[in-house]
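Proteins come first, then strands; the chains are lettered A, B, ... in the order of their sequence lines, and each starts at number 1.
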Amino acid sequence: MSEENSATRSNFITDIIDEHLENGRFDHVHTRFPPEPNGYLHIGHAKSICLNFGIAEAYGGKTNLRFDDTNPTKEEVEYVESIQEDIRWLGFDWEDRLFFASDYFDAFYEYAIQLIKQDAAYVCDLSADELRQYRGTLTEPGKNSPYRDRSVEENLDLFERMKNGEFPDGSKTLRARIDMSSPNLNMRDPVLYRILHADHHNTGDKWCIYPMYDYAHGLSDSLEHITHSICTLEFEDHRPLYDWILDQLDVFHPQQIEFARLNLTHTVMSKRKLLQLVREGFVSGWDDPRMPTLSGMRRRGYTPQAIRNFVDVVGVSKANSIVDVELLEHVLRDDLNERARRVMAVLEPLRVIIDNYPEEQEEAFEIPYFPYQDDSPIRQVPFSKEIFIERTDFMEDPPKKFYRLAPGREVRLMNAYYITCTEVVKDDDGNVVELHAEYDPESRGGMSPDGRKVRGTLHWVSARHALSAELRLYDYLFSKADPYEVPEGGDFTDNVNPESLQVLSDAKLEPSLKEAGVYEPFQFMRQGYFCADADSAPGALIFNRTISLVDTWAKMQRGN
RNA sequence: UGGGGCAUGGUGCAAUGGCAGCACAGCGGACUUUGAAUCCGUUGAUCCAGGUUCGAAUCCUGGUGCCCCGGCCA
C-alpha cells in the first residue's frame, strides 16, 4: 500500500545514519537481525526485522541474518528453523548471508588471547556468588578480584587450560580488566567467557568455554562489517562495553543504536512468558492463533503485509510505549479488505423454509467474489427451498432500529430474493427452532421491479447444499489491557481470558469453500475474515476467524 | 547527586527556533444488495517552574514522573 515505510520515512535512526553518511564515518549501510534460537519469533521481533531489513534496503544496503547462539544450554535447532521460516514469510531475504555467532568461536578465542596479552583481560577464580559480592551494588563501587593481577603468562596458560576442559563449569571465568568502581555495572570487569561443558547445536563438543553476549555480539558485528547495530533499549548500558571491546582490539567499529521495543495491549511479549503459556497449557502451542508469535499470527490468518504495515504505522522511537491492539486490528482489516474473497457462511444456523418455493426446485446464482470490482471472478451459489440464516438475524420482538428479519417483515437474501417471515416455530421451551417464509419471485437477484426498499440484507446458505464446518472464534488472550495488572500475589496467567477461544461446531458454509486453501483469506460476509486452519480436511472443515468485521450494530447495543 | 534513558490529544508517531500535524480510537452525518468498506464533518495534546529569544514542543537552569541496570542469560 503506502510507498513510505518507517525505514524511508525519517526517524531518529535514519537521522544518525544520515549523519554518518555525511561525515564519512560510513559510506554504506549494513545491518543485521540477531535472534537467539531459544524460542519462536513474535510481533515484537517483527518490528526489529522490519527495521533492520527496511532501513538497509532504503539505503541500498544489506542485512545479515545471524543467530546469536552463544549459550548452548538454551538453544535448539528447532528454533533456528522456525525463525528462518518466519522471516521468509514476512518477505525478507538475507540471500547468502546466514551466519552464526558460533561460526566465529575460533576468532573470538584468538581475540581473547590478544586481550590477555594487552593486559586487558584476566582469568578469575571467583565463584558466581563471590563475583556478585565483589561487583558491589548500584550505589557502591565493587572490589578488585584477588586474581586481577595475574601475569600475562599465567593468564594465557589458564585460559588455554580452560579451553582444554581442565576445569569444571563455573570454576573460572575470563574477565575484562576495566574498572570495578565504574558507575556502570557492565564495566566492572565483566565476564567475557564462562566454562560450560555443554553440546552446542553447531559446534558439538568442540568447545567447553563459551563467550558472553557482550563479547560475542560486538565482535560478530565487527567481523561482518555491520555498520549499524540496531537493538533494544535495555542494551543502552552495554554500549560502553561494546565500544570498549572493539577499541581495545582496534577492529572495525559499528555503531550500536537502541530503540524502544514493541508492546501491545492485551498480550505479553516475552519469550519466557510465552513459553509459560505453552508449557502450562493455556494455549495449544507456539502457533496457537491467539499467540502473538509470527507462527500463531500466520495460522490465525494474518498476512505478512498487514504485519509490515503495522510496523510502519506504529513508528520507532526511544520512548517506552504500549500500542493499542486495535491499531493492529485496523491494519489487518485494511489489508484483508483488499484481498479477501467475499463468501457466505452462517455461524449459528437457523432454518428457514420458503413455503412458496417449489420443493424440488434448485437454482444457482452467479455471485462475484469481489462485489465492487468490475472484473471480479465469480462462483455459483446454489439456492433451494430450505436455507439457513444467522440466528442473530432474527428477532421475534425486535427493538427499534433492528432491521433484520422479524415476523411479518421483509428482508433481502443477499443476491437472491426478498423473503417475508410468515411463521415462527418454537419448541416446548419456547426456543425458536425454525422459520417459515414466502419469497417474491419477482425479486430475483435481490432487487424488485417496483423499486421498493428493504432495509435488511441477510447472508444465507442453501440447507441441502451447505458444508458443515467447525469455526474457531478468537478473542484477546488476556482480558485486561495490561495482563500484569493482578492483585497481590497474582500471576499474569490469572488474566487469561476464559473466552479467548469459542468453538462453533456446526457452522454452514456455501459449497465453494470446499476448495479453500490453508491460510487463504475469505470474508464471510457480514461476519469477519476467516481462513482454513492447517488441520482442516475435506470431510472435516475447520476455519479460524482472523478478525471480525467492525460491528456497529453490536456497538450500538452495548452502548444502550 | 549511583549510572543510563524517556516525557506531545485516550493510544502510537511527526513537527530538527517560525501557523502543533498524521494514524488509530471516540463523536456526528452521507452512502450502502455486507449495520463492512468508502466519503464528509468533529472533540481532544506539548510533565511542571523559571530563563534566553521578536518568536520555544524544540535551546538553558531547576524540579517532577516513568523505564532499564547488581546472570558465569541475551
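- Nearest to the side chain of A:Lys555, among B:G70, B:C27, B:A74, sits B:C27.
- A sub-4.0 Å separation between OP1 or OP2 of B:G12 and a side-chain N or O of A:Ser317 is absent.
- More than 12 heavy atoms of other residues, nucleotides or ligands shown are found within 6.0 angstrom of CZ on A:Arg444.
- Shown here is A:Glu234, whose CD atom has more than 12 heavy atoms of other residues, nucleotides or ligands within 6.0 Å.
- The aromatic rings of A:Phe108 and A:Phe105 sit tilted, their planes meeting at an angle between 30° and 60°.
- Distance CD (A:Glu140) to P (B:G2): 11 Å, rounded to an integer number of Å.
- In this pair, A:Phe543 and A:Phe524 present their aromatic rings tilted. The plane angle is within the 30 to 60° band.
- Of the P atoms belonging to B:A23 and B:A37, the separation is 16 Å, rounded to the nearest Å.
- Between the C1' atom of B:G71 and the CG atom of A:Asp189 lies a distance of 16 Å, rounded to the nearest Å.
- A:Ala319 comes within contact range of the sugar-phosphate backbone alone, with a heavy-atom separation under 4.0 Å but no base atom that close.
- A:His459 comes within 4.0 angstrom of nothing in the nucleic acid, heavy atoms only.
- Side-chain atoms of A:Arg379 do not come within 3.5 Å of backbone N or O of A:Ser512 as any donor-acceptor pair.
- Between A:Arg452 and A:Asp450 there is a salt bridge, since a side-chain N of the basic residue sits under 4.0 Å from a carboxylate O of the acidic one.
- Closest to the A:Glu36 side chain, of the nucleotides B:A74, B:C24, B:G5, is B:A74.
- The gap from the P atom of B:G26 to that of B:G10 amounts to 16 Å, rounded to the nearest Å.
- Side-chain atoms of A:Thr137 lie closest to B:G70 of the nucleotides B:G35, B:G70, B:A14.
- When heavy atoms are screened at a 4.0 angstrom cut-off, A:Thr173 is found touching base atoms of the nucleic acid.
- As rounded to whole Å, 16 Å separates atom P of B:G10 from atom CD1 of A:Ile322.
- Classification of the A:Tyr439-A:Tyr417 ring pair by plane angle, with boundaries at 30° and 60°, yields perpendicular.
- For the P atom pair drawn from B:U11 and B:U52, the interatomic distance equals 34 Å after rounding to whole Å.
- Comparing A:Tyr193 and A:Val454 by the nucleotide of RNA chain B that holds the closest heavy atom to each, the one mapping nearer the 5' end is A:Val454.
- Annotated as anti: B:G26, whose O4'-C1'-N torsion sits more than 90° from 0.
- Side-chain proximity of A:Met212 to B:G70, B:A25, B:G71: nearest is B:G71.
- Across B:C54 and B:A49, the matching C1' atoms stand 23 Å from one another, rounded to whole Å.
- Donor-acceptor pairing under 3.5 Å, judged by distance alone, is present between the side chain of A:Arg404 and the base of B:G35.
- Residue whose closest nucleotide on RNA chain B sits further toward the 5' end, between A:Lys318 and A:Arg412: A:Lys318.
- Regarding A:Leu138, its CG atom lies at a distance of 15 Å from the P atom of B:C67, rounded to whole Å.
- In RNA chain B, stems built from 3 or more consecutive Watson-Crick or G-U wobble pairs, each with both distances under 3.5 Å, span B:2-7 with B:64-69, B:10-13 with B:21-24, B:26-30 with B:38-42, B:47-51 with B:59-63.
- For A:Asp179 against A:Arg148, the heavy-atom pair with the smallest separation is N-NH2, 3.9 Å.
- Taking atom CD1 of A:Ile178 as the reference point, atom P of B:C69 lies 19 Å away to the nearest angstrom.
- The side chain of A:Arg526 places an N or O atom within less than 4.0 Å of a non-bridging phosphate oxygen (OP1 or OP2) of B:G35.
- Counting non-hydrogen atoms of other residues, nucleotides and ligands closer than 6.0 Å to CD1 of A:Ile322 gives a total of 12 or fewer.
- Using P as the reference atom, B:C69 and B:G17 are 34 Å apart when rounded to the nearest Å.
- Among B:A74, B:G70, B:C24, the nucleotide with an atom closest to any side-chain atom of A:Phe235 is B:A74.
- Candidate nucleotides B:A14, B:A74, B:C13 were compared by shortest atom distance to the side chain of A:Glu234, and B:A74 ranks first.
- You'll find a donor-acceptor pair under 3.5 Å spanning the side chain of A:Tyr372 and the base of B:A36, going by distance alone.
- For B:C59 and B:A15, the P atoms lie 12 Å apart once the distance is rounded to whole Å.
- You'll find that the side chain of A:Arg135 is closest to B:G70, out of B:A74, B:U16, B:G70.
- Side chain to side chain, A:Asn164 and A:Glu166 fail the donor-acceptor criterion of an N or O pair below 3.5 Å.
- In A:Glu22, the CD atom is not crowded: 12 or fewer heavy atoms of neighbouring residues, nucleotides or ligands sit closer than 6.0 Å.
- In this model, the phosphate group of B:G5 is not approached by any side-chain N or O of A:Arg239 to a distance below 4.0 Å at OP1 or OP2.
- Taking 4.0 angstrom as the limit, A:Thr70 places a side-chain polar atom (N or O) nearer than this to OP1 or OP2 of B:A74.
- Among B:A36, B:C69, B:G4, the nucleotide with an atom closest to any side-chain atom of A:Leu185 is B:C69.
- In summary, of the residues considered (A:Gln84, A:His201, A:Glu36), a side-chain contact (heavy atoms from CB on, under 4.5 Å) with A:Phe67 occurs for A:Gln84 alone.
- Taking atom P on both B:G21 and B:G41, the two are 15 Å apart, rounded to the nearest angstrom.
- Among the atoms of the strands shown, none is found under 4.0 Å from any heavy atom of A:Tyr215.
- B:U8 and B:U58: their P atoms are spaced 13 Å apart (whole Å).
- A:Asn415 comes within contact range of at least one nucleobase, with a heavy-atom separation under 4.0 Å.
- Nearest nucleotide to the side chain of A:Glu326, out of B:A25, B:G35, B:G71: B:A25.
- In this pair, A:Tyr213 does not lay its aromatic ring on the base of B:A74; centres under 5.5 Å and planes under 30 degrees do not both hold.
- In the interface, the side chain of A:Gln523 is paired with the base of B:U34 through a donor and an acceptor atom under 3.5 Å apart.
- To the nearest angstrom, C1' of B:A36 lies 16 Å from CH2 of A:Trp553.
- For A:Asp237 and B:G3, a side-chain-to-base donor-acceptor distance below 3.5 Å is present, hydrogens and geometry of angles not being considered.
- Atoms CG (A:Leu327) and C1' (B:C22) sit 12 Å apart, rounded to a whole Å.
- Proximity of A:Arg333 to the phosphate of B:A25: no side-chain N or O atom is located under 4.0 Å from OP1 or OP2.
- Within the nucleic acid shown, A:Asp15 comes within 4.0 Å of at least one base atom, counting heavy atoms only.
- The distance between atom CD1 of A:Ile389 and atom P of B:G35, rounded to the nearest whole Å, is 13 Å.
- Checking B:A74, B:U16, B:A23 against every side-chain atom of A:Ser10, the shortest atom distance belongs to B:U16.
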